[in-house]
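Let me begin by presenting the structure, written as structure tokens, before commenting on it.
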Amino acid sequence: MRRSAPVHFDEERQHWDLFRYEETNRVLTDYESFTANRAGSENATDDDGAMFQTMIMVDPPGHDRLRGFVNERFQPGTLREYQPRIEELTEEVLDQIDGENRFDFVDEFAIRLPITIIAELLGIPAERRDEFKEWSDALVARPEDGSESSIKRSQERMQWAQQQMGQYFAQLLEERQDGSGDDLITLAATTEELSRGEQVGFCMLLLVAGNITTTNLLTNALWCFEERGITDAIRTGEIDRKQAIEEVLRYRSPIQSLDRVALEDVELNGRQIREGDVVTAWLGAANRDPELFDAPEEFRPERSPNRHIAFGKGVHYCLGAPLARIEADVAFDVLLDRFETIEADLTDLQPLRSLYGLESLTCTIE
Ligand code: HEM
């Protein structure tokens with residue numbers, strides 16, 4: 001498709017699909033022609049649901065107000081100071097699986113680690129962490145199968161979790177508006193430019209945007225390393241861990257696509273996009289565009305430079321990218337230091353239906 005129809009109209013979905021780096025880049029950076037506001041968020045109010053009032057749905061200039069207050073907290077320099085704590089939390093998550101030499105990497109590590117870290121950054125009290133995990137799980141729960149009843153069940157659970165979590169965040173934000181803590185809930189609570197609904201939306205966005213994505217980065221990393229038989233070379237430093245993780249982001253991008261809506265008529269690669277049309281930018285395809293990457297179908301852990309767009313592009317470039325990178329780097333540092341061998345069973349892998357990742361990945365450790 002990249003070569004034969006780089007800008008393709010899908011009649012069934014009534015959507016445009018973009019498969020090349022060039023057009024994907026254009027659509028993600030040109031917010032004056034393509035809006036990230038997929039659901040009428042400009043006119044959203046506190047009653048419309050927290051998620052519509054967040055930075056990910058709003059274009060500049062409103063975007064700056066919704067993101068500006070927190071940018072500093074997610075800078076690589078700021079996060080580096082927090083790295084020792086990430087290492088401790090990673091050890092704690094691994095302590096919970098110690099003793100078993102066979103476990104599901106997805107359930108017992110890749111899901112738990114990002115939730116544990118974000119719960120601490122937000123400042124969720126330790127005694128509420130189990131409840132918090134239950135809500136976070138429900139927020140990203142996948143239907144057990146494709147049947148209508150199972151889809152409905154998972155939607156209901158999601159709505160329930162959103163409601164529970166929304167109320168819980170609202171209560172914590174209220175309690176912390178005196179500004180005594182240094183967690184992200186306190187930061188949001190003391191940011192006067194945001195309404196309470198926007199503060200709640202911000203807290204929920206961090207969970208929705210940051211957890212399942214990082215889970216899949218961790219899972220896809222072990223999958224790629226084992227598939228290529230390079231886990232030991234990463235352990236010994238023969239292959240650079242950070243660079244290998246970048247290649248995982250390119251080769252198996254957790255988020256495969258992003259949608260935008262055209263705000264005006266625009267021509268893209270000779271095709272006429274009309275105002276109001278939905279455009280799907282395929283990050284996964286752009287990340288394998290031969291115009292930009294040599295041998296794009298090959299996993300090359302030493303690839304450098306690696307100009308993948310797994311974290312998006314433009315004003316909505318992932319706020320949590322530096323955190324996700326540190327989490328993945330620390331995770332494999334600690335994991336490979338702790339276990340002499342780690343072997344993943346790569347037979348019968350079940351892909352996720354939502355993002356690019358796996359349902360489970362059974363590992364044997366020693
Ligand atoms: C935005 C990917 C981890 C928070 C995005 C976008 C992508 C992305 C592609 C752009 C969305 C768009 O343009 O519509 C990923 C991947 C991750 C990851 C692949 C892990 C490997 C995280 C983490 C956090 C986070 C750990 C926070 C704790 C956000 C936020 C936005 C965002 C708040 C919206 C930024 C804005 O609109 O200005 N992410 N993300 N992400 N991500 Fe991430």
Side-chain angles (χ1 to χ4, degrees), residues 24-25 27-31 34-39 41 50-71 73-76 78-79 82 86 110-111 113-122 136 140 183-185 187-188 198 201-221 245-261 278-284 286-287 308-331 352 354-357:
T24 294
N25 189 34
V27 161
L28 296 182
T29 44
D30 181 0
Y31 58 79
F34 297 96
T35 176
N37 176 353
R38 282 140 283 193
S41 63
M51 289 304 296
F52 293 128
Q53 303 166 58
T54 64
M55 63 183 99
I56 206 163
M57 292 284 208
V58 175
D59 304 318
H63 179 262
D64 306 347
R65 180 176 64 84
L66 295 168
R67 177 163 172 159
F69 78 98
V70 70
N71 257 336
R73 291 287 181 109
F74 282 89
Q75 292 304 311
T78 318
L79 288 169
Y82 187 66
I86 295 183
I111 289 181
L113 184 65
I115 290 182
T116 307
I117 292 170
I118 202 65
E120 177 140 322
L121 281 172
L122 280 164
S136 309
V140 295
D183 51 75
L184 291 174
I185 292 181
L187 176 70
E198 288 168 343
F202 162 73
C203 296
M204 293 184 48
L205 174 65
L206 289 194
L207 298 178
V208 176
N211 281 344
I212 186 85
T213 44
T214 311
T215 295
N216 290 311
L217 171 59
L218 298 171
T219 308
N220 294 352
I245 289 167
E246 292 306 307
E247 181 65 346
V248 173
L249 282 160
R250 183 195 73 84
Y251 187 76
R252 290 198 165 124
S253 312
I255 296 189
Q256 286 282 304
S257 66
L258 295 172
D259 284 353
R260 294 292 187 263
V261 180
V278 178
V279 176
T280 300
W282 287 93
L283 304 182
N287 280 339
H308 68 75
I309 48 169
F311 288 119
K313 199 79 198 273
V315 292
H316 295 287
Y317 178 80
C318 178
L319 173 76
L323 177 63
R325 286 185 161 121
I326 294 181
E327 282 185 35
D329 185 43
V330 167
L352 287 181
S354 45
L355 301 191
Y356 193 161

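We count ligands from 1, going down the list as the structure has it; atoms in each ligand are counted the same way. Computed from a predicted model, the values in this text were never measured in an experiment.
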Enumerate the atoms of ligand 1 whose separation from the nearest heavy atom of [X] is less than 4.0 angstrom.
X	result
Val315	38 (O)
Ile255	2 (C), 8 (C)
Ile118	28 (C)
Leu258	11 (C), 12 (C), 13 (O), 14 (O)
Arg260	12 (C), 13 (O), 14 (O)
Leu217	21 (C)
His63	36 (C), 37 (O), 38 (O)
Ala310	2 (C), 9 (C), 19 (C)

ask   = So which heavy atom on Ile86 is nearest to which on Leu323, and how close?
value = CD1-CD1, 4.0 Å
Note, [X] side chain near [Y] side chain (heavy atom, < 4.5 Å):
X	Y	value
His308	Ser253	no
Leu184	Cys203	no
Leu258	Leu283	yes
Phe34	Val261	no
Tyr251	Glu246	no
Glu198	Leu66	yes

Regarding ligand 1, does [X] bring an N or O atom to under 3.5 Å of one of the ligand's N or O atoms?
X	answer
Thr214	no
Tyr317	no
Arg67	yes

Which residue holds the protein heavy atom closest to [atom], what is that atom called, and what is the gap in Å?
atom	value
atom 15 (C) of ligand 1	Phe311 CD2, 3.7 Å
atom 41 (N) of ligand 1	Cys318 SG, 3.0 Å
atom 18 (C) of ligand 1	Thr213 OG1, 3.4 Å
atom 33 (C) of ligand 1	Leu205 CD2, 3.6 Å
atom 37 (O) of ligand 1	His316 ND1, 2.6 Å
atom 30 (C) of ligand 1	Leu319 CB, 3.8 Å
atom 27 (C) of ligand 1	Gly320 CA, 3.9 Å

key: Option nearest atom 29 (C) of ligand 1 (shortest heavy-atom distance, choices Gly312, Pro322, Ala209, Pro60)   = Ala209
ask   = If hydrogens are left out, which of Ala324, Pro114, Pro254, Gly210 has an atom nearest to atom 22 (C) of ligand 1, that is, the closest non-hydrogen atom?
value = Gly210
request  = Would you please test Leu205 and Ile56 for side chain to side chain contact (heavy atoms under 4.5 Å, CB included) and show each step?
outcome  = CA-CA 8 Å; Leu205 174 65; Ile56 206 163; 3.8 Å; yes
inquiry  = Set out, in order, the CA-CA distance, both residues' side-chain angles and the distance that settles side chain to side chain contact (heavy atoms under 4.5 Å, CB included) for Arg260 and His316, then state yes or no.
reply    = CA-CA 12 Å; Arg260 294 292 187 263; His316 295 287; 3.8 Å; yes
remark   = Between Ile111 and the options Asn216, Leu218, Thr215, the side chain to side chain contact (heavy atoms under 4.5 Å, CB included) test singles out Thr215
inquiry  = I'd like to know whether Ile245 forms a side chain to side chain contact (heavy atoms under 4.5 Å, CB included) with Arg325, so could you lay out the CA-CA distance, the side-chain angles of the two residues, the decisive distance to 0.1 Å, and finally the verdict.
reply    = CA-CA 8 Å; Ile245 289 167; Arg325 286 185 161 121; 5.7 Å; no
task = Start with the C-alpha distance between Leu187 and Arg73, add both sets of side-chain angles, then the distance that settles side chain to side chain contact (heavy atoms under 4.5 Å, CB included), and finish with yes or no.
result = CA-CA 10 Å; Leu187 176 70; Arg73 291 287 181 109; 3.8 Å; yes
